[in-house]
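Worksheet for the structure shown next.
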Amino acid sequence: MEIWSLPFSPSQRAKLLSAGYTYLHSFSHLSPSALAAGAQTAWDILCEDRTMNHITTSCEDLDGILGGGISCKEITEVGGVPGIGKTQLGIQLAVNVQIPVEYGGLGGKAIYVDTEGSFMVERAFQIAESCIQDIMDKVLQTDDVGVCQENLHVNAILANIFYFRICSYTEQIAVVNYLEKFISAQKDVKIIIIDSVTFHFRQDFDDLALRTRVLSALAQKMMKLAKKFNLAVVLLNQVTTKCTDGSFQLTLALGESWSHACTNRIILYWKGNERCAYLDKSPSLPLSAAPFSVTTKGIRSVASSCKRMRTT
Amino acid sequence: MLLLSFQALSLMENHVKNDYLGGHLPTRLKGLDDALCGGIPFGALTELVGPAGIGKTQFCLKLSLLAALPTSYGGLDGCAIYIDTESKFNSRRLIEIAENSFPEIFHLKGMAQKLAGRIVVLRPTSLTEFTESLQQIKLSLLQHRVKLLLIDSMAALLSNECEWDQKASRQDSLGWHMSFLKSLSEFSRIPVVVTNQVRAQSSDYASSYPFQVHVRDQSIRNSERSESHLVGALGFNWAHAVNIRLILEAHSGKRFIKVAKSPISPPLAFPYFVSSSGITLETDNGIEVAGPDINTIRCQGMVLRIP
């Protein structure tokens, strides 16, 4: 029996036709979830979540409040005042994602989209070196030192960070559109970091409504990438001031609408003389704070004794 | 639109191969150069911020000389463009610094003329003139082997413009200039140094987030002290955009140069003084400044004279 003869409303009929069903028998045996293409039951999602990957930040306290680290398949926004360590965290994650699976990492590659020119290769080199050193220290306790030394090399880590330098918001939109093709070709990309997502959107837009639309389209594309390729998306954001109840407070830039776009939000701030990270938004974890420090080796816990000293 | 992706590894190899002196302009202040992994980096925007008379122009004069020096003396052997918006550039002082810092070079015949001839001074009197000069600079960058761009100071132009009364349009203009300077520095791989003024912390200065309840209560109590707190004049946007921020401040009877924001340096402060040879560090061992104090700008206890 053809669809035309069945008592469907015009919109339902149109949807069935566009999904490719023209006869009753082609879909009469399907379950509701199969008809709604791409739907999953909550149980399926729970099983998937149990195997969800996390990328460590190299700071145990920070990993703790994040449930193990930065989650894949989600967009995490990281914001803070200038100099607090957003770029440092970005570079640390770009290195940590490459930790081989046998040492607790994802063994993946990183894409670093730099809109401000803050990515300094010398610093990435330093952080990569220290990351390898930390792995070697752990491995020394077992017998695999030789194998480990062969496989881990700073140059290999740097070679797996794909760097895009973006100079306008149009380039930013273009690169996000291009990433799907790039990641399909590259394979194994497990993290995309945009540093920062704000820079070009803060000055060139007169029409704020347009800016909101463009940004939410961008966020949706990133979300699609995150889910399709099972990777983590980290967006670094700047701060601005907002007037609430007569007093001025700090808040992340790009406005109220943007603040809905990300799955998780971490705010980096100064607490006295210590750097802290506050988990400001998360669908499953309690909002909490953790201290961290920026050392010569990269992001580390505060308890660690290697405070950042001048480099010689 | 061509989208280029680089592996971070090839970036590093390019820098090592192509940049003079490994991609940094040494300032000849050993402690500072060590902290900055070699000196003022190429391809990045470096800001010098501090109260009036603290020594920003002196630092800029020295940097322009260093760019002009031949490579055998640790310079970049090229031209420096000095955009002077406050008419602070003083050639006699430049020659004095040169003679006292590099006596062995400057006594060679004709050297002073050659090196001073490599420093091009522009004096735009309005924001539009400044914008035009920037665009012309872009064109002549390759032809004249420009190795350094100095803007002293950025804030003066933006605060002088009467028509830019609204904060929004000022921010837009600043935003355009920020992007332009960054792209200029990156595509020609030169250091760009910009000086910034300071202003008093205004009542709309925010220092805490909504979730930091206890900090807010404390700041209400501390509000009487805010008059002595200085902040950079160009605002948050600018502070985010610069890659390296060097703060010059005065307290406890001394002047300090602090590395306040830098992806590659620890937060260090170096005491310095202004002498006949420009800026000299009192010690090459910086004082590590923990916490947000690295970002404060103080001007206490010094009578600052503009030389």
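Naming: A, B, ... by sequence-line order, numbering from 1 per chain. Worth saying up front: this structure is predicted, and the values here are computed from it rather than measured.
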Q | Contacting region of Ala239(B) [heavy-atom separation from chain A under 4.5 Å] | A | both
Q.
Using heavy-atom distances under 4.5 Å, tell me whether Asn295(B) contacts chain A through its side chain, its backbone, both, or neither.
A.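 Contact with chain A involves the side chain of Asn295(B) alone.
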Nearest heavy-atom pair of [X] and [Y]: which atoms, and what distance?
X         : Y         : answer
Tyr209(B) : Val81(A)  : OH-N, 3.8 Å
Ser118(A) : Pro263(B) : O-CG, 3.7 Å
Leu250(A) : Pro210(B) : O-CD, 3.4 Å
Pro41(B)  : Met120(A) : CG-CE, 4.5 Å

Q | Distance, nearest 0.5 Å, that separates CD1 of Ile294(B) from CH2 of Trp270(A) | A | 8.5 Å
For [X], which atoms come within 4.5 Å of any heavy atom of chain B: side chain, backbone, both, or neither?
X         : value
Lys242(A) : neither
Val154(A) : neither
Ala124(A) : neither
Thr87(A)  : neither
Phe125(A) : side chain

Q: Just say parallel, tilted or perpendicular for the rings of Tyr269(A) and Phe211(B), cut-offs at 30° and 60°.
A: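 Ring orientation, 0 to 90° scale: perpendicular.
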Q: Between chain B and each of Val239(A), Thr240(A), Thr251(A), count heavy-atom pairs under 4.5 Å; write down the option with the most.
A: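 Sorted descending by pairs with chain B, the first entry is Val239(A).
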Q.
Testing Gln126(A), Gln88(A), Arg123(A) one by one against Ile264(B) for a side-chain contact (heavy atoms from CB on, under 4.5 Å), which residue passes?
A.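 Among Gln126(A), Gln88(A), Arg123(A), the one meeting side-chain contact (heavy atoms from CB on, under 4.5 Å) with Ile264(B) is Arg123(A).
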**Q.** Lys182(B) charged N/C atom sitting above Phe199(A) aromatic ring, 6.0 Å / 45°
**A.** yes
Residue pair [X] / [Y], side-chain heavy-atom distance below 4.5 Å:
X         : Y         : answer
Pro82(A)  : Arg245(B) : no
Thr296(A) : Pro266(B) : no
Glu122(A) : Cys37(B)  : no

Q) Checking side-chain contact (heavy atoms from CB on, under 4.5 Å) for the pair Phe187(B)/Cys167(A): CA distance, chi angles, key distance, verdict? A) CA-CA 11 Å; Phe187(B) 289 119; Cys167(A) 299; 4.1 Å; yes
Q: Would you mind telling me which of Lys261(B), His240(B), Glu186(B) has the largest number of heavy-atom pairs within less than 4.5 Å of chain A?
A: His240(B)
